[in-house]
Amino acid sequence: MAILVPGGAGYIGSHIVHELLDRGEEVVVADNLQTGHRAAVHPDAEFYQGDIRDRAFLDSLFGRKRFVAVVHFAANSLVGESVRNPLKYYDNNLGGAIALLDVMLRHGVHHIVFSSSAAAYGEPENIPILEDDRTLPVNPYGETKLAVEKLLRWLSRATPLRHAALRYFNAAGAHSRGDIGEDHSPETHLIPLVLQVANGKCADIGIFGDDYPTPDGTCVRDYIHVADLADAHIRAMRHLASGGSGGVFNLGNGVGFSVREVVEKARKVTGHPIPARIRPGRKGDPAQLVASNAKSERELGFKPSHSGLEEIIASAWNWHKRHPNGFAG
Ligand code: UDP
């Protein structure tokens, strides 16, 4: 029986597809390639280009194969764009999930691992953040992730569907083989942007605000290696398969690093001076986001094994220096 991965051509999805295949699973990828890359899809995965809002497309996939589980990544994920264009995010992220869940239930597929986000919390009440802390998203992206989580919870009461919603903190790094990595257009994330400076593609990195209530005044984030995320998805799938109780799980390292620390570490890793300049803070950026992994460790047995910032940045650099133009070359 196969595993369906909608969004398996994207940054995080493509890494999970590699991991699933490495562990001997049969994998089917569905992706509309609006932001994903065909070249990111492992050649051993069966690939179908299509949109999950298209129920006829999904019906044909579910009619062709018996899926044991769905690991769902297909969504838009740019916070700034979501503020400018909320309809796009509700339509794709929530509308897409509704169509997918409807088709899953009609075809009797009852396990889903859902790609959620720390953006579901908004401004945190406590650090480290626990799964049952307040969720008050500050942008439509986070709202749509939380809306899908709530839908999953209601469905788990009304239907046989069981879910694990994984709230990622800041995904970073690339596959150890160096053939897949992060390639967003436009790129908005700190680590790839810093590495674009090291690659000579930008003159400097803007640091968004240096007057936050943090030790060095810049925002603190919890960076988690995409290989650790991949491992956590497989654990979540197995947890559901063995009858474990579903729900929401944080995925981070449990350790925060400031923007300045990231830039400094990237200078060390790349040997490039990476000039930085302070810019105004970005609207809606919480000062600190750091996960508690206690629940994921307890219930999924998850423990990050690539937790050092230097290792994470070195792994991203291994991809970016070999592929300065991402999948385009
Ligand atoms: N950031 C920055 N300059 C940039 C991009 C990001 O200073 O060019 C900061 C951003 O304000 C945040 C951190 O880096 O505090 C991580 O941002 P990113 O967009 O990578 O992830 P987010 O935390 O927003 O999901």
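Remember, it's 1-based here, ligands and their atoms both numbered in the order they're listed. Position 1 is the first residue of the sequence, and the numbers go up from there.
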Taking only non-hydrogen atoms of L193 and a 4.0 Å limit, the atoms of ligand 1 in range are 8 (O)
Have a look at ligand 1 and work out which part of I205, if any, has a heavy atom under 4.0 Å from it: side chain, backbone, both or neither. side chain
Of all protein heavy atoms, the one nearest atom 23 (O) of ligand 1 is R221 NE, 2.7 Å
Would you mind checking which non-hydrogen protein atom is closest to atom 25 (O) of ligand 1, with the distance to 0.1 Å? N170 ND2, 3.6 Å
Name the closest protein heavy atom to atom 20 (O) of ligand 1, giving the residue it belongs to and the distance to 0.1 Å. L190 N, 2.8 Å
Among Y212, F208, F169, Y223, whose heavy atom sits nearest atom 13 (C) of ligand 1? Y223
Carboxylate-amine/guanidinium proximity below 4.0 Å for D59 and R106: yes
Looking at atom 3 (N) of ligand 1, what's its closest protein heavy atom, distance included? G206 O, 2.7 Å
For C219, counting its heavy atoms only, list the atoms of ligand 1 lying under 4.0 Å from any of them. 15 (O)
Less than 4.5 Å apart, side chain to side chain, heavy atoms only: is that true for T214 and C219? no
In ligand 1, the atoms that come under 4.0 Å of a heavy atom of I207 are 7 (O)
Once you restrict to heavy atoms under 4.0 Å, what part of H189 touches ligand 1? Side chain, backbone, both or neither. both
Are R282 and D285 close enough for a salt bridge, meaning some N to O gap below 4.0 Å? yes
Would you mind running through ligand 1 and noting each atom that sits below 4.0 Å from a heavy atom of T188? 5 (C), 19 (O)
At less than 4.0 angstrom from any non-hydrogen atom of D285, what atoms of ligand 1 do you find? 10 (C), 11 (O), 12 (C), 15 (O)
Looking at F169, I'd like to know if the NZ or CZ of R221 sits under 6.0 Å from its six-membered ring centre while staying within 45 degrees of the ring's axis. no
Is D210 salt-bridged to R260, cutoff N-O under 4.0 Å? yes
Protein heavy-atom partner closest to atom 17 (O) of ligand 1 - residue, atom, separation in Å: R282 NH2, 3.5 Å
Protein contact to atom 9 (C) of ligand 1 [nearest heavy atom, distance to 0.1 Å]: V259 CG2, 3.7 Å
Nearest 0.5 Å, please: how far is CD in E299 from CZ in F249? 5.0 Å
State, with a plain yes or no, whether a side-chain heavy atom of V5 is found less than 4.5 Å away from one of I3. yes
Between R23 and D231, does any side-chain N to carboxylate O distance fall below 4.0 Å? yes
Does a salt bridge link K265 with E261, judged by any charged N lying under 4.0 Å from a carboxylate O? no
Carboxylate-amine/guanidinium proximity below 4.0 Å for E131 and K295: no
Give the contacting part of V79 toward ligand 1: side chain, backbone, both or neither, where contact means a heavy-atom distance below 4.0 Å. neither
